[in-house]
Amino acid sequence: MNATVLRAGFLTTVQDLGRTGFRRLGVSLGGALDAHAMRVANLLVANDENSAGLETTMGTLRLRFADERLVAWCGDQFEVRMNDGPFPAGRVARIEANEELQMTAPQSGARAWLAISGGIDAPLVLGSRSTDLRGKFGGHEGRALKEGDTLPLGRSSAHADRLAESLRETRIAEWGVHAEWAGSARRAGFLRVVQGAQRDRFSADTHRKFVLEPFVVTAQSDRMGIRLEGPPLENSDQADLVSEAVAPGTIQVPPSGNPILLLGDCQTIGGYSKIAHVITVDMPVAAQLRPGHSIRFHEVSLAEAHQLLLGREDELARFRTGMQLRA
């Protein structure tokens with residue numbers, strides 16, 4: 001069975017958790033910019049956490065389903081409707097054959113992630129169904145969706161079928177995930193970071209600017225990275241830097257002094273000095289930044305970053321167990 005794209009919005013792509021193990025070949029990780037949101041949405045519809053879903057950016061998405069499915073979404077303040085009724089974030093719902101789901105552009109934030117029971121059955125490319133927009137492969141024909149596209153859907157799991165039956169009357173579950181998981185941008189305003197590889201190339205005064213002054217997201221931002229404007233971050237060591245590995249979350253400082261926060265589609269190596277790195281648990285907040293947003297940075301220790309990640313994974317494990325016990 002399938003879902004038909006009636007309206008594709010500004011930038012909607014097929015994404016899973018990305019391509020791992022190919023960075024040495026120059027292939028970006030890619031995948032959902034908020035991997036946690038994609039995992040949660042997939043668990044809500046009884047999918048494997050790495051199943052392919054949709055990431056939509058700053059625009060309206062409208063889908064029609066050919067058969068009965070479970071659907072769930074997480075993200076920011078999109079208005080989502082199903083069968084002409086509101087469909088809140090962080091819930092699971094049963095949508096029937098020939099019914100439509102519609103998302104409108106968010107009032108704040110930038111992105112949402114939609115999971116469908118059975119997942120989107122796009123071809124595997126290097127172990128992933130994610131769309132690589134720069135390489136033009138993966139996902140749906142290696143590109144963003146457009147009106148009229150038909151998305152093949154996999155078979156729903158037996159657990160999903162039981163869950164759908166339990167929603168026969170209510171259609172939308174009365175239970176769901178907590179607010180922070182449903183909408184990560186609600187705590188936007190600051191990003192926690194650990195020290196970067198070239199921290200010692202920047203003066204103490206530059207570090208004070210970095211953690212005390214706000215930075216504003218510019219329009220020159222996309223899935224590869226977010227360009228920021230603020231107090232120029234001067235590099236005290238002008239010696240050439242040999243290009244080395246970078247990853248999503250790395251904050252590079254080019255000669256202009258305006259930092260660049262790298263996201264999922266970033267290159268695999270870079271030659272700019274790295275002043276800091278956004279911790280994993282705050283990457284969902286970074287994924288919701290849009291032009292004009294103001295952001296501040298707060299430095300934490302690597303040990304604290306590890307503890308925060310372990311805590312979130314523990315919470316996710318409990319949620320996973322709870323979902324397995326439903327229906």
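Computed over heavy atoms, backbone and side chain alike; hydrogens, waters and symmetry mates excluded.
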Audit row: Leu212, Arg296, side-chain contact (heavy atoms from CB on, under 4.5 Å) steps and yes/no: CA-CA 7 Å; Leu212 294 177; Arg296 292 175 183 267; 5.5 Å; no
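- Grouping the Ile, Leu, Val, Met, Phe, Trp and Tyr side chains by contacts below 4.5 angstrom, directly or via other members, places Val27 apart from Leu263.
- Looking at Lys146 and Glu141, no side-chain N of the basic residue comes within less than 4.0 Å of a carboxylate O on the acidic one, giving no salt bridge.
- The CG atom of Leu261 sits 12.5 Å away from atom CE of Met224, with the distance rounded to the nearest 0.5 Å.
- Of the residues Gln252, Glu244, Gln195, the one that meets the side chain to side chain donor-acceptor pair (under 3.5 Å) test with Lys274 is Glu244.
- Taking the charged nitrogens against the carboxylate oxygens, Glu304 and Arg192 have no contact shorter than 4.0 Å, which rules out a salt bridge.
- Ala46 approaches Ser157 most closely through the heavy-atom pair O-OG, 3.0 Å.
- To the nearest 0.5 Å, atom NE2 of residue His140 and atom CZ of residue Arg129 are 14.5 Å apart.
- Under a 4.0 Å N-O distance rule, the pair Glu68/Arg168 qualifies as a salt bridge.
- The closest donor-acceptor contact from the side chain of Arg91 to the backbone of Gly176 lies at 3.5 Å or more, if one exists at all.
- Residues His207 and Arg199 form a side-chain contact, since some pair of their non-hydrogen atoms from C-beta on lies under 4.5 Å apart.
- Leu6 CG to Leu101 CG: the interatomic distance, rounded to the nearest 0.5 Å, is 10.5 Å.
- Without hydrogens or angle criteria, Arg223 side chain to Gly31 main chain gives a donor-acceptor distance under 3.5 Å.
- Under 4.0 Å is where a charged nitrogen must lie from a carboxylate oxygen, and between Glu315 and Arg312 no such pair does.
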Trace of the side-chain contact (heavy atoms from CB on, under 4.5 Å) decision for Ile260 with Leu228: CA-CA 6 Å; Ile260 304 170; Leu228 302 167; over 6 Å; no
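- To the nearest 0.5 Å, atom CG of residue Leu145 and atom CG of residue Leu151 are 5.5 Å apart.
- The shortest non-hydrogen separation linking Leu262 to Ala247 is CB-O, 3.9 Å.
- Remark: the backbone N or O of Val45 is not paired with any side-chain donor or acceptor of Asn42 at under 3.5 angstrom.
- In this structure, the side chain of Glu100 does not engage the main chain of Arg62 through any donor-acceptor pair within 3.5 Å.
- Val285 is listed as a side-chain neighbour of Leu191, based on a closest heavy-atom distance under 4.5 Å.
- In this structure, Asp76 does not pair ionically with Arg290, as no charged nitrogen and carboxylate oxygen lie closer than 4.0 Å.
- For CZ of Phe297, the number of neighbouring non-hydrogen atoms (other residues, nucleotides, ligands) closer than 6.0 Å is greater than 12.
- With a 4.5 Å cut-off on side-chain heavy atoms, Glu79 and Pro86 do not count as touching.
- Across all non-hydrogen atoms, the minimal contact from Ser117 to Ser156 is OG-OG, 3.0 Å.
- Residues Pro232 and Ser256 share a closest heavy-atom pair of CB-O, 4.4 Å.
- Both Leu316 and Trp175 are assigned to one and the same hydrophobic cluster, defined by single-linkage of ILVMFWY side chains at heavy-atom distances under 4.5 Å.
- Taking the six-membered ring where the residue is Trp, Trp73 and Phe78 present perpendicular rings, their angle passing 60° and hence far from 30°.
- Contact annotation: the side chain of Ile275 never approaches that of Pro259 to less than 4.5 Å [non-hydrogen atoms, C-beta and beyond].
- The shortest side-chain heavy-atom distance between Arg111 and Gln288 falls under the 4.5 Å cut-off.
- Contact check for Glu99 versus Phe65: no side-chain heavy atoms found under the 4.5 Å cut-off.
- Panel note: side chain Ser28, backbone Cys266; a donor-acceptor pair is recorded below 3.5 Å.
- Both Phe87 and Val5 are members of a single hydrophobic cluster when ILVMFWY side chains are connected at heavy-atom separations under 4.5 Å.
- Here Asn50 contributes atom CG and Ser128 contributes atom OG; the two are 6.5 Å apart, rounded to the nearest 0.5 Å.
- Within 6.0 Å of atom CZ in Arg155, 12 or fewer heavy atoms from other residues, nucleotides or ligands are found, so the atom counts as exposed in its surroundings.
- Ionic pairing of Glu229 and Arg227 is not present here: no N-O contact between side-chain nitrogen and carboxylate oxygen is shorter than 4.0 angstrom.
- Linking ILVMFWY residues whenever their side-chain heavy atoms come closer than 4.5 Å, directly or via other members, leaves Leu70 and Ile172 in distinct clusters.
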Evaluation steps, side-chain contact (heavy atoms from CB on, under 4.5 Å), between Met38 and Asp16: CA-CA 7 Å; Met38 193 80 261; Asp16 55 21; 5.9 Å; no
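- A salt bridge links Asp205 with Arg208: the distance from a Lys NZ or Arg NE/NH1/NH2 to an Asp or Glu carboxylate oxygen falls below 4.0 Å.
- For the atom pair CG (Asp34) and CH2 (Trp113), the distance works out to 4.5 Å, reported to the nearest 0.5 Å.
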Check against side-chain contact (heavy atoms from CB on, under 4.5 Å), Ile95 and Asn83: CA-CA 8 Å; Ile95 193 164; Asn83 196 29; over 6 Å; no
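- Two residues are said to be in side-chain contact when any heavy atoms from C-beta on lie closer than 4.5 Å; Thr4 and Asp149 fail this criterion.
- Val217 and Leu289 make their closest contact through CG2-CB, 4.0 Å (heavy atoms, listed as atom of the first residue, atom of the second, distance).
- Side-chain atoms of His277 come within 3.5 Å of backbone N or O of Pro248 as a donor-acceptor pair.
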From CA spacing to verdict: side-chain hydrogen bond (donor to acceptor under 3.5 Å, both in side chains), Asn2, Thr150: CA-CA 6 Å; Asn2 57 64; Thr150 298; 5.2 Å; no
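- In this structure, the side chain of Asp121 does not engage the main chain of Gly154 through any donor-acceptor pair within 3.5 Å.
- Among all heavy-atom pairs drawn from Gly139 and Val14, the shortest one is CA-CB, 3.9 Å.
- Put simply, the side chain of Glu147 reaches to within 4.5 Å of the side chain of Arg7, judged on heavy atoms.
- Cluster membership check: Val40 does not share its hydrophobic cluster with Leu114, using side-chain heavy-atom separations under 4.5 Å among Ile, Leu, Val, Met, Phe, Trp and Tyr.
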